4 protein chains.
Amino acid sequence: MQSRTPASRAGRPRDPAADAAILAATRQALVELGWSKLTLGDVATRAGVAKTTLYRRWAGKNELVVDAVAELFDELELPDRGSLADDIEGVVLQFAAILARPEAKSGLMAVVAEATRDDALRERIRSSIVERQMRLVLQGRARAQKRGELPPEPDPREAARTVDLIFDVVAGAVVHRTLVSGKAADEEWVRSFTRVLIGGLASSA
Amino acid sequence: MQSRTPASRAGRPRDPAADAAILAATRQALVELGWSKLTLGDVATRAGVAKTTLYRRWAGKNELVVDAVAELFDELELPDRGSLADDIEGVVLQFAAILARPEAKSGLMAVVAEATRDDALRERIRSSIVERQMRLVLQGRARAQKRGELPPEPDPREAARTVDLIFDVVAGAVVHRTLVSGKAADEEWVRSFTRVLIGGLASSA
Amino acid sequence: MQSRTPASRAGRPRDPAADAAILAATRQALVELGWSKLTLGDVATRAGVAKTTLYRRWAGKNELVVDAVAELFDELELPDRGSLADDIEGVVLQFAAILARPEAKSGLMAVVAEATRDDALRERIRSSIVERQMRLVLQGRARAQKRGELPPEPDPREAARTVDLIFDVVAGAVVHRTLVSGKAADEEWVRSFTRVLIGGLASSA
Amino acid sequence: MQSRTPASRAGRPRDPAADAAILAATRQALVELGWSKLTLGDVATRAGVAKTTLYRRWAGKNELVVDAVAELFDELELPDRGSLADDIEGVVLQFAAILARPEAKSGLMAVVAEATRDDALRERIRSSIVERQMRLVLQGRARAQKRGELPPEPDPREAARTVDLIFDVVAGAVVHRTLVSGKAADEEWVRSFTRVLIGGLASSA
DNA sequence: CCGTAACCGAGACGGTACGTCGAGTCTTTGA
DNA sequence: TCAAAGACTCGACGTACCGTCTCGGTTACGG
C-alpha cells in the first residue's frame, strides 16, 4: 500500500519555480516603483509569467506583497554578543537594516494600512511576519535567563504579555524612527533606545 | 488700513466653506471605504463640489488625506493629572483613542507608506502632524521639571534627541499595538507601557 | 424668452470629429483584420482616441460596425438608364461592388449573425441599412410606372409586400453569390439574374 | 488484399461516440448562447470530454460549428408533390424551417462571416453544406424534365450556371427574409416567392 | 502478455482582449 | 477668476477564453 496524496492528483502541476520568480520580481518592482506604482501586470512580466498565473496563486496585490516582504525578515537572527543589552542592540540593528531597504519600507507600511480594513490580511501579516519573528524575543529572554540576567518567569500569562509589549515597543519604535521621522536608526540611536528599554524592563519587573 | 494681498485680486473668490466640506467628506469616505477605495470623484460628490475645485486646492489624494487626518490630532491635549506618569498615561490614552478611529487608522498608515517614496509628502506629514504634536512632549517635560520630577536639561542638543526618542517610542508602540498586533491599546496596556517608559527614562538619565 | 435646449448645456461637449475618425478607423481595421480580429482597443488607437471615448458613444463592437458599414451603402443611387431592366442591372452592380469590398463583406455578415440573438441589433441594422436603401426599390418602381413599364399599384398593402419580396430576393441573391458561393457578381451574372427577376415579376403580376 | 488503413495503426483508438456528443453539445450551446458566447471549453464540458479531445479533432470554433450545422441540412429532401412549383414550395419551406431554428441561424451566418477572410473555411462550407444540398436542385430539375415541365438542357455549361443561379436566389432570398428582414418565411411568402422564381425561369429560358 | 503508442481527463500555462474604473486635464457655460 | 459639469487621455484592473502543454492513467494492437 502506497501513501495516497489526494492533493496534486490530476492535471498539469504548478510550476514550483514560478513562486520564487514572482516574489523576487515583486521585491524588485517595489524597489524601483514603490507600492502605489507597482502593478501586477508588470510583476508578471518581470517574472516571465502570465498575469493569470499570478492571480491563480495570490488573491491580489496585498497578499502578494505580504509574502514578498515576509521573506526579507527571515534572515533575522539573534547574535550571541554576551549580554542581553548587546544581544538586543544587535538584533535591533539588523531589524533597522532591513527596514531601511526600500522594498521593505515601501511594501510593509502599505499592507499594514490596507490591513486596517481587512481582517484576513491583518491575520496574514501577523502569521507571516510578526508571529514568525516573535521567536527572537523568546530566544533572547531564554538566553538571558540562562545567563542569570533575567529571573525565570513564573506566570506564563504575564510572560506572554511582556513579550507582546516588548515586541510592540521595539518594532514600533524602529518603524516610527525610520518611516515617520525619516531618520536612520543608526548605532547611536539604537544604543539610546536599548538603554531605555532595558532600564524600563528592569525597573518594571 | 486694509491689507492688499495681491494673490486674491480679480475674479470670483474661492468659496471658503468648500475646504472644510471637502476635508469632512474625505474623512467620511475614509471611514466608509478606506484609503484604497477612496476616490477623489467620490469625495467631490460628497462635498457637493466639482472635481476641478478639489484639484485646484490639493495636488492629489495624498496631500488631501494628510490634511484631513491632521485635523484629528489637534484635539490632543496634555491633561494635568498631578504626576508625570499619570500625565503620560492620559495623553497616550487619548492618542490611542484617535488611532482607533477608522478614518485615522486607514488614512495615516497609507500616507506614511506613500511618503517612503515621496520626500515632499514626508515633510508635509512631519510638519502637519508629527511636529505639531511634539508640543505635548515638550509641555510634559516642562511640567515635570516644574514639579521636580525631572532635572533641568542642561544640554539642548541632548534634550532634543531625547524628545525625539520618546516620540518615536510612544507613537511607534501605540501604532504597532493598534494596527499591527491588532489589539486595543487599553488602560491596562497603557499602564504597563508607561511604567516601562518612565523606568527607562529614569534609569538612562 | 429664448428657446431653452436642455440638451447640451453644461460640461465639455463631445468632440464631433471623433465620430467620423472612429468610423473610418473601424472600416480600415475591418479591411486589414476582419471582424473577428478587430478589437475596440485597436480601433481607438487608430482613431487617436481613448478606449473610453469609444465606449461612451457605442455600446459595443456590434453597434459600432453597423454604423461603420451603413455609411458604405449611402453611396448607392439609382441610375436612369432608360428601362427598368437596365436600371435594376445598374443598381445591382453597384450593390455587388460594395459587397465586394472587404470592409463590407467582413462586417455585414458578422453583425447579421449577431443580430440573430439580439433584437435591438437587428432593428438597428434594419433601420440603418435595410430601410435606408429601400428607397431604391421605391424609386425604381415609380420611375418604371411613369415610363409605363409597370402598371400603377392599386393595393398599398400588396405593394409593400412586393417591395419587401424584391428586396429580399435582390439583396439575398447578391449576398449569397458573393459571400457563400464565393464567386463574383459580375456583369454576366447580374444580367442573368435581372432577366429572371423581371420575368418573374411580370408573370406573377 | 487486406484493407490497409495506415491511419489507424497503433495506440488507443479515438472514442467514436465523442464526435457525435461534441457536435450535439455544440448545437445545444448554439441554441442557448449563440455563436459569439459559445466557448470551446463549455462545449467540451457539455459533451463530457476534455478540451484536448476536442482540439484533437477540430482545428477551432469555425470548423466545429460548420460540421455541427451541416448535419442539420441533411434532413432536407425533395417531396414529390406532383408539379415543379409545388415541389419547389415544399423544399423551400423545409429550408426555411431549418433556418428558423436558432442553432442554424446563429451558427450559419457567423461561419459565413468568418469565411470572408478564410478561404479554407469557405471551401469547407461549400463542400459540407452548399454542394451537398445542390442535389435537391438537380433532382428537382430532373423530375420536372421527366414530367415534361422543363425541356431537356442541351448545353451542360449553361445548365450548371442556371443551377448555381437558382441556388443563390433561393438560398439567398430565404436567408435574407429570415435573418435580415427578420420575418418568417411562411407559406404565403414562399408561395409568392416561388411564383416569381418559376415565372422568371420560364420567361428567361 | 507485454510494451508501445495514441488516446483520455484534468488543469496549469503564456497570451490577448475584454469592459470598467479612477486619475488628472481640458473645455464649455454660467455666476 | 472661480465654479459645475462633463468629456477627454491614459493606464491598470481583474476576468474570460484561446490554444498549448504537461501530467497521471487508460486502452488497443502487434510482437
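Not measured: the values here are computed from a predicted model.
- Within residues 22-33 of chain A, no residue has any heavy atom closer than 4.0 Å to DNA chain E.
- Scored by the side-chain hydrogen bond (donor to acceptor under 3.5 Å, both in side chains) test, C:Glu63 finds no partners at all (sequence neighbours excluded).
- By the side-chain contact (heavy atoms from CB on, under 4.5 Å) test, D:Ala47 pairs with D:Ala21, D:Ile22, D:Ala25, D:Val49, sequence neighbours left out.
- To the nearest angstrom, P of F:dC13 lies 10 Å from CH2 of A:Trp35.
- Partners of C:Asp19 according to the side-chain hydrogen bond (donor to acceptor under 3.5 Å, both in side chains) rule, which considers only residues two or more places apart in sequence or in another chain, are C:Arg57.
- The side chain to side chain donor-acceptor pair (under 3.5 Å) analysis of residues 102-112 of chain A, with sequence neighbours excluded, yields the pairs A:Arg101-A:Glu103.
- DNA chain F lies under 4.0 Å from no heavy atom of any residue of residues 105-114 of chain B.
- When all heavy atoms of D:Gly60 and D:Leu40 are compared, the pair lying nearest together is C-CD1, 4.2 Å.
- Ranked by how close their nearest DNA chain E nucleotide is to the 5' end, C:Leu40 and A:Pro13 are led by A:Pro13.
- The side-chain hydrogen bond (donor to acceptor under 3.5 Å, both in side chains) check on B:Arg124 picks up B:Asp67, with sequence neighbours excluded.
- Judged as a side-chain hydrogen bond (donor to acceptor under 3.5 Å, both in side chains), and not counting sequence neighbours, the contacts of D:Arg46 are D:Glu32, D:Asp42.
- Within residues 41-64 of chain C, the residues approached by DNA chain E to less than 4.0 Å at the level of any non-hydrogen atom are C:Gly41, C:Lys51, C:Thr52, C:Tyr55, in residue-number order.
- Rounded to an integer number of Å, the gap from CZ of D:Arg12 to C1' of F:dC29 is 14 Å.
- Proximity of a side-chain donor or acceptor of D:Lys61 to a complementary backbone N or O of D:Leu38 within less than 3.5 Å is detected.
- Under the salt bridge (Lys or Arg N to Asp or Glu O under 4.0 Å) criterion, B:Arg56 pairs with no residue at all, not counting sequence neighbours.
- The distance from atom CG of D:Asp15 to atom P of E:dC8 is 7 Å, rounded to the nearest whole Å.
- The stretch residues 112-121 of chain C participates, sequence neighbours left out, in these side chain to side chain donor-acceptor pair (under 3.5 Å) pairs: C:Glu114-D:Ser36, C:Asp119-C:Arg122.
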